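Read the structure below first, then the notes.
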Amino acid sequence: RQPEINFAGRLPHQELWTALSSSDVLVVPSLWYETASLIIQEAFAARVPVVASNIGALKERIVDGENGLSIPPGDSNALRDALLQLQSEPGKLATLRANIRPVRSVVEHAQDVSLLYETVLQSTTH
């Protein structure tokens with residue numbers, strides 16, 4: 001066990017932002033096809049890069065080498081290599097963090113969807 005690695009386990013929601021803001025990277029080594037992965041959005045909102053399995057919605061959120069690192073699901077060697085890469089390349093975390101785009105709010109998303117429907121509706125009525 002390494003002293004600089006903290007396996008937080010399940011956290012009460014009120015502790016989430018404190019935990020994320022003190023994190024260098026979030027690791028999501030999922031074996032399942034996630035559907036939305038709110039934790040990645042939360043990590044990005046806190047400007048924390050993510051190392052995640054390239055499966056399901058996780059692979060849609062992570063741009064490998066840009067805002068995080070993607071690994072094959074269940075590949076512990078790839079996970080180890082990704083973490084070692086972050087450790088051996090001191091500027092890599094800063095680069096990944098700098099490439100995280102601002103997370104859109106639910107209101108912004110709803111406005112975009114509403115505009116899309118209005119555009120489609122107008123094009124079908126003309």
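The shown structure was predicted, so the numbers you read here are calculated from the model rather than taken from an experiment.
A 4.5 Å side-chain heavy-atom check between Leu121 and Glu118 finds every atom pair outside the cut-off. Side-chain contact between Leu20 and Leu16: present, with at least one pair of heavy atoms (C-beta onward) separated by less than 4.5 Å. At least one side-chain heavy atom of Ile100 sits less than 4.5 Å from a side-chain heavy atom of Pro49. Considering only heavy atoms from C-beta on, Val28 comes within 4.5 Å of Leu58 through its side chain. Using a 4.5 Å heavy-atom cutoff, the side chains of Val51 and Leu79 are in contact. Annotation: side chain of Asp24 is not in contact with side chain of Leu86 (no heavy-atom distance under 4.5 Å).
Identified under the side chain to side chain donor-acceptor pair (under 3.5 Å) test for residues 77-99, with sequence neighbours left out: Asn77-Arg80.
The two atoms that bring Pro72 and Asn54 nearest to each other are CA-OD1, 3.4 Å, heavy atoms only. Closest approach of Leu31 to Pro73, counting heavy atoms only: CD2-C, 4.0 Å. Closest of all the heavy-atom pairs between His109 and Arg104 is CA-NH2, 3.3 Å.
Checked by atom type and distance alone, the side chain of Ser30 pairs as donor or acceptor with a backbone atom of Trp32 at under 3.5 Å. In this structure, Ser105 contributes its side chain and Glu108 its backbone to a donor-acceptor pair below 3.5 Å. Without hydrogens or angle criteria, Ser114 side chain to Ala110 main chain gives no donor-acceptor distance under 3.5 Å.
The cluster map of Ile, Leu, Val, Met, Phe, Trp and Tyr, joined by side-chain heavy atoms under 4.5 Å apart, puts Ile71 and Ile40 in different clusters.
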Please table the atom pairs, donor to acceptor, closer than 3.5 Å between any side-chain atom in residues 60-68 and protein atoms at least two apart or in another chain.
from  : atom 1 : to    : atom 2 : distance (Å)
Arg61 : NE     : Ala36 : O      : 3.1
Arg61 : NH2    : Ala36 : O      : 3.0
Asp64 : OD1    : Ser70 : N      : 2.7
Asn67 : OD1    : Val63 : N      : 2.7
Asn67 : ND2    : Arg61 : O      : 3.3

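The OH atom of Tyr33 sits 11.0 Å away from atom OG of Ser53, with the distance rounded to the nearest 0.5 Å.
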